[in-house]
Amino acid sequence: MDKIESIGYHISEIMKVLNLDLTDPNLRDTPRRFAKMYLEIFQGLEVKNEPDITVFPNEDGFDSMVAMTDITFYSMCAHHLLPFWGRAHVAYIPTDKIVGLSKLARMVEYYARRPQIQERMTQQIAEYLEKELSPLGAMVVVDARHLCMEMRGVEKPGTWTTTSAVRGAFQKRDAREEFLELMIRKREA
Ligand SMILES: [Zn+2]
C-alpha cells in the first residue's frame, strides 16, 4: 500500500468511528484528499527535500548583519496536529560565506513542513545557519499563532507566541538590538 492509500485508509476508519457517512458526496473523496494534503504539508519530513543551500564566497568581505524578516510559514503543532503559522525573522553575520536570500525562506519552509513545535523549529533554523555558513552570529525570531490555543483548550484567539534563538555575536546586546529594531521598523512601515 502506498502512503496515500495507507493514510486514506486510516482516516476513513476514524471517520467511521465518528459515524460519518462516507457515501456523502462531500466526504466520499475526503480520505484521499486528506492523505495528499498530509504528504504536501509534511514535505519537510523527507530528508531529500532539504533545500540545497547555495553558498557563495564572501568576496567583498561583508561583515555586517544580513537579515530577512517576515518570512511567512505554516506548520502543524506536534502535540495536536493543528496548524500554527506566522512569520520567521532570520539574521546572520557572515564570515567567509554568504547565502542566496531565497534559501533563507526555503530553509524556514523545510523546518515548518512537519509536525513541529515552535521552540524546536526556531532552534533548528539557527543551527542550520551555523552549520552551513559558520557565521559570526545567527539569530532567529519566530512569531506564531496556534490553533490548538485558539479553537480548543484555553481558547484564546489572537494570541501570539514569540520564540528566539541567539547564537554567537548576537549574544552581544548591540547586535541583538540592531536586529530587533529592524524588525520593529519593518512592522511600523
Ligand atoms: Zn498544540
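Computed from heavy atoms alone, side chains included, the values below leave out hydrogens, waters and symmetry copies. In each ligand, atom 1 is the first atom listed, and ligand 1 is the first ligand listed. What you are looking at is a predicted structure, and each value in this text was computed from that prediction instead of being measured.
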Colleague: Does Arg114 use its side chain to pair, donor to acceptor, with the backbone of Phe42 at less than 3.5 Å?
Modeller: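 No.
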Colleague: At less than 2.8 Å, how many protein N/O/S atoms surround the Zn ion (ligand 1)? Leave waters out.
Modeller: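 Every protein N, O or S atom under 2.8 Å from the Zn ion (ligand 1) counted, the figure is 3.
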Colleague: What side-chain hydrogen bond (donor to acceptor under 3.5 Å, both in side chains) pairs are there with at least one residue in residues 58-79, not counting sequence neighbours?
Modeller: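 side-chain hydrogen bond (donor to acceptor under 3.5 Å, both in side chains) check on residues 58-79 returns Asp70-Arg87.
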Colleague: Tell me if a side-chain donor or acceptor on Arg167 pairs with a main-chain N or O of Glu130 at a distance below 3.5 Å.
Modeller: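 Such a contact is absent between Arg167 side chain and Glu130 backbone.
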Colleague: Mind checking side-chain contact (heavy atoms from CB on, under 4.5 Å) for Ala91 and listing every partner two or more places apart, or none if nothing turns up?
Modeller: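 Per chain and number, Ala91 pairs via side-chain contact (heavy atoms from CB on, under 4.5 Å) with Met65, Ala67, Phe170, Phe179.
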Colleague: Just so I know, are the side chains of Thr122 and Tyr111 near enough to count as touching, which here means a heavy-atom distance under 4.5 Å?
Modeller: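 SC-SC contact between Thr122 and Tyr111 ruled out.
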Colleague: Report all side-chain donor-acceptor pairs from residues 94-110 shorter than 3.5 Å, counting only partners two or more places apart or in another chain.
Modeller:
residue	atom	partner	partner atom	Å
Thr95	OG1	Ser134	O	2.8
Lys103	NZ	Asp52	O	3.3
Lys103	NZ	Thr54	OG1	2.9

